[in-house]
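Input: a single structure, listed below in structure tokens.
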Amino acid sequence: MLHIEWWHHAPYGYIWQLAASGFAWEYLRRNDEYRHDCQTLALARRQDANQLESFVRRWGLLFPKRSGHGG
């Protein structure tokens, strides 16, 4: 489990400056289950639409569509 001493103000002072979306990301990226799900997707040879949709729905995420250009 990720160990974070959130009660110490010095390393987390920037949190008070974040917009809601930034704060949500800081919270989400420290969630062990989210990190596990991300790793599972990243290690899959190929993600199918159902697997990605399940991930999006579980974590309440919205990803913009990619343009036709690689990147």
Side-chain angles (χ1 to χ4, degrees):
M1 183 168 139
L2 187 60
H3 180 73
I4 298 170
E5 295 178 351
W6 55 265
W7 54 87
H8 290 290
H9 297 285
Y12 297 103
Y14 71 97
I15 293 289
W16 301 106
Q17 309 291 324
L18 294 175
S21 60
F23 182 81
W25 168 242
E26 291 297 326
Y27 180 84
L28 185 61
R29 73 186 186 98
R30 290 169 170 80
N31 182 295
D32 289 334
E33 291 179 26
Y34 173 79
R35 293 161 52 99
H36 176 265
D37 287 357
C38 282
Q39 185 175 25
T40 299
L41 277 177
L43 294 176
R45 287 185 160 197
R46 189 173 195 197
Q47 296 92 18
D48 64 28
N50 291 334
Q51 187 179 20
L52 291 173
E53 182 66 24
S54 175
F55 178 83
V56 167
R57 285 183 185 207
R58 178 173 187 198
W59 297 107
L61 301 173
L62 176 65
F63 298 106
K65 293 184 179 183
R66 291 185 178 191
S67 68
H69 304 291

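The chain is numbered in sequence order, starting from 1. Computed from heavy atoms alone, side chains included, the values below leave out hydrogens, waters and symmetry copies. Since this is a predicted model, take the numbers as computed values, not measurements.
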Q. Side chain to side chain contact (heavy atoms under 4.5 Å, CB included) with L52: which residues, sequence neighbours excluded?
A. L41, Q47

(Q) Which residues pass the side chain to side chain contact (heavy atoms under 4.5 Å, CB included) test with N50, not counting sequence neighbours? (A) D48

Q | Residues that R57 engages under salt bridge (charged side-chain N to carboxylate O under 4.0 Å, His left out), provided they are two or more places apart | A |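 For R57 the salt bridge (charged side-chain N to carboxylate O under 4.0 Å, His left out) partners, ignoring immediate neighbours, are E53.
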
Q. Which atom pair, heavy atoms only, marks the closest approach of R30 to R35?
A.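 Minimum heavy-atom contact is C-CD, 4.1 Å.
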
Q: State which residues pass side-chain hydrogen bond (donor to acceptor under 3.5 Å, both in side chains) with E33; sequence neighbours excluded, sorted by chain then number.
A: R58

Q: Return the set of residues passing side-chain hydrogen bond (donor to acceptor under 3.5 Å, both in side chains) with W59 (not counting sequence neighbours), or none when no residue passes.
A: D37

Q. Does some side-chain heavy atom of W25 sit less than 4.5 Å from a side-chain heavy atom of S21?
A.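 They are not in side-chain contact.
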
